[in-house]
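Report on one structure; see the data block that follows.
The model shown is predicted, which means the values in this text are computed figures rather than measured ones.
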Number of protein chains: 2
Amino acid sequence: MPNKTDRQRAIRELIEARPIGSQEELRRLLFGRGWDVTQSTLSRDLREMRLARVPTGDGVRYAFTSAAMAEDRPRLEELMPRFFQQVDGVSELCVLHTAAGGAQPVAEAIDLAQWPEVMGTIAGENTILIICRSAAGREKIQRKLRLLGRADG
Amino acid sequence: MPNKTDRQRAIRELIEARPIGSQEELRRLLFGRGWDVTQSTLSRDLREMRLARVPTGDGVRYAFTSAAMAEDRPRLEELMPRFFQQVDGVSELCVLHTAAGGAQPVAEAIDLAQWPEVMGTIAGENTILIICRSAAGREKIQRKLRLLGRADG
DNA sequence: ATGGACAATGAATAATCTTGCAAATCGCTC
DNA sequence: GAGCGATTTGCAAGATTATTCATTGTCCAT
């Protein structure tokens, strides 16, 4: 498994799926999925992905934080590979799922992009509702978003 | 300075006021304010306060996280009787009203339930927008929610 | 293909955080 | 005030994470 972006996507999935308390543990899980990297690399990955080690009731786990988001306003091309999970839609509505905490910044970036097909957005914690001007426009938007979500946009 | 609670209050103020990247740094700052404790104690304090060490653009800082809050995820059957107020909807959209503050946790529980008819949810303070895949699906969801909303769901 | 700039990685090591344990302190009751 | 259980803390060892340095791999432009 070559790609760093793919590995980080795998990391994100693992992290969100269950509590992971150390980089060693994460390393073992990744190994099971076919990635063989050292703890050093994971340290760098986690930092790059802004994953924090947060104390919980019983132990500690890596997780995304809202604090990490509220820093800068990167463009969509930077946000999407990091947060994108899936898009779906009906008629003029498009629903975009992101990693936890990703909805707010991504929605803001979509607003800034000022795509003509997009009428507006509403963002929750990890879901964005994109209201489009037409069903056709919605499909176009979905394709665009999927593309942006792929590794290295 | 005797009290642990007071110390933790001071810690929170410092943490919120500026980026603090290590427990040693925090220790020094506290010392300047009259608190003299060891790093061990701070480790325990931070854990107790659920303060996470989150990576930022340039370094790392302690901060409160939303992830720390969303630890226990009660199931829908427990949440609905407590928060449900009413459901309504048009075409593929379903609007669920809850008691104040109930929207966020309830929406999360709906997400976790992964109902096939539900495409996604967006929660505000006391209102949830549920986007369904079809109008028929929406009606099914509404019935299901009403049922769950009855006492002892 | 070859050379060079630059990103990615591992191994070793440094920096930082966590924890077991014993001592000190606190809160109560007598 | 003395006694006693529970809480808090420091110390030092243990565990985890970050970083340095060297190496490898990639992507062009020749």
Side-chain angles (χ1 to χ4, degrees), chain A residues 1-12 14-16 18-65 67-68 71 74 77-78 81-82 150-153, chain B residues 1-12 14-15 18-65 67-68 71:
Chain A
M1 306 301 185
N3 196 300
K4 178 162 93 157
T5 313
D6 285 344
R7 183 183 64 234
Q8 295 195 348
R9 186 185 300 273
I11 290 175
R12 194 177 68 207
L14 282 170
I15 291 296
E16 286 181 342
R18 55 172 138 180
I20 293 181
S22 77
Q23 301 179 359
E24 251 315 291
E25 183 181 351
L26 175 57
R27 197 184 63 70
R28 284 193 295 272
L29 289 171
L30 280 173
F31 189 81
R33 285 191 164 199
W35 271 278
D36 187 2
V37 292
T38 59
Q39 171 266 322
S40 320
T41 298
L42 295 184
S43 171
R44 290 184 272 245
D45 280 344
L46 294 175
R47 160 167 228 327
E48 213 170 301
M49 300 168 74
R50 305 278 207 281
L51 278 159
R53 198 159 186 255
V54 341
T56 65
D58 60 335
V60 79
R61 74 171 291 180
Y62 283 95
F64 289 95
T65 71
E71 270 171 34
E77 292 84 288
E78 298 165 311
R82 191 161 142 210
R150 299 205 174 295
D152 62 44
Chain B
M1 304 299 185
N3 199 304
K4 178 164 90 155
T5 312
D6 285 344
R7 183 183 63 234
Q8 297 195 346
R9 185 193 319 280
I11 290 175
R12 177 171 348 171
L14 283 170
I15 291 295
R18 56 171 140 179
I20 293 181
S22 77
Q23 300 179 359
E24 250 317 289
E25 182 182 351
L26 175 58
R27 197 185 63 71
R28 285 193 296 272
L29 289 170
L30 280 172
F31 189 81
R33 285 191 164 197
W35 306 90
D36 186 4
V37 291
T38 60
Q39 171 268 325
S40 322
T41 298
L42 295 183
S43 171
R44 289 184 272 245
D45 280 344
L46 294 175
R47 159 170 240 326
E48 215 170 299
M49 299 167 76
R50 302 277 206 282
L51 279 160
R53 199 160 186 254
V54 340
T56 64
D58 61 334
V60 78
R61 73 172 291 181
Y62 283 95
F64 291 96
T65 71
E71 247 171 61

Could you check how far [atom1] of [X] sits from [atom2] of [N], rounded to whole Å?
| X | N | atom1 | atom2 | answer |
| --- | --- | --- | --- | --- |
| A/K4 | C/dT9 | NZ | P | 6 Å |
| B/E48 | D/dT8 | CD | P | 7 Å |
| B/F31 | D/dG10 | CZ | P | 12 Å |
| A/L42 | D/dT17 | CG | P | 10 Å |
| A/D36 | D/dT24 | CG | P | 17 Å |
| B/R47 | D/dA15 | CZ | C1' | 14 Å |
| A/R61 | D/dT16 | CZ | P | 18 Å |
| B/L46 | C/dT18 | CG | P | 8 Å |

Do B/S43 and B/Q39 have side-chain heavy atoms sitting under 4.5 Å apart?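 Heavy-atom side-chain distance check passes, below 4.5 Å.
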So A/L46 and A/Y62, do their side chains get closer than 4.5 Å, heavy atoms only?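 The answer is yes, as the side chains (C-beta and beyond) meet within the 4.5 Å cut-off.
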Does the pair B/E24/B/R27 count as a salt bridge with the N-to-O cut at 4.0 Å?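 Counted as a salt bridge, because a side-chain N and a carboxylate O are separated by less than 4.0 Å.
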Nearest to the side chain of B/S43 - C/dT19, C/dA11, D/dA18?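 So the side chain of B/S43 is nearest to C/dT19.
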Between the two end axes of the helix from C/dA1-D/dT30 to C/dC30-D/dG1, each built from 5 base pairs, what angle do you get to the nearest 10°?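 If I round to tens, the end axes sit 30° apart.
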Quick one: does [X]'s side chain have a donor or acceptor within less than 3.5 Å of a partner on [Y]'s backbone?
| X | Y | result |
| --- | --- | --- |
| B/R50 | B/F64 | no |
| A/R7 | A/D36 | no |
| B/R53 | B/S22 | no |

Heavy-atom nearest nucleotide on DNA chain D for B/T41 versus B/R53: which residue maps closer to 5'?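 Checking each residue's closest nucleotide, the 5'-ward one belongs to B/T41.
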Return the 5'-most residue of the pair A/Y62, B/Q39 with respect to DNA chain D, ranking by each residue's nearest nucleotide.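 Upstream on the strand: B/Q39.
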Would you compute the distance between atom CG of A/D6 and atom CD1 of A/I11 and round it to the nearest 0.5 angstrom?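 Interatomic distance, A/D6 CG to A/I11 CD1, rounded to 0.5 Å: 11.0 Å.
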Can you tell me how far apart CH2 (B/W35) and CD (B/Q8) are? Round to the nearest 0.5 Å.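 Rounded to the nearest 0.5 Å, the CH2-CD separation comes out at 10.0 Å.
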With distance as the sole criterion, do the side chain of B/S40 and the base of D/dA12 form a donor-acceptor contact below 3.5 Å?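 Answer yes: a donor N or O sits under 3.5 Å from an acceptor.
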Presence of B/R44 side-chain N/O under 4.0 Å of C/dC17 phosphate oxygens OP1/OP2: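 For B/R44, the contact criterion (side-chain N or O under 4.0 Å from OP1 or OP2 of C/dC17) is not met.
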Interface with DNA chain D, restricted to residues 18-30 of chain A and to heavy atoms under 4.0 Å: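 Only A/G21, A/S22, A/Q23 qualify.
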Sugar-phosphate only, base, or nothing, as touched by A/V37 at under 4.0 Å among non-hydrogen atoms: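 It contacts sugar-phosphate atoms only.
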Option passing side chain to side chain contact (heavy atoms under 4.5 Å, CB included) with A/L30 (candidates A/D45, A/L42, A/T41):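 Only match with A/L30 under side chain to side chain contact (heavy atoms under 4.5 Å, CB included): A/L42.
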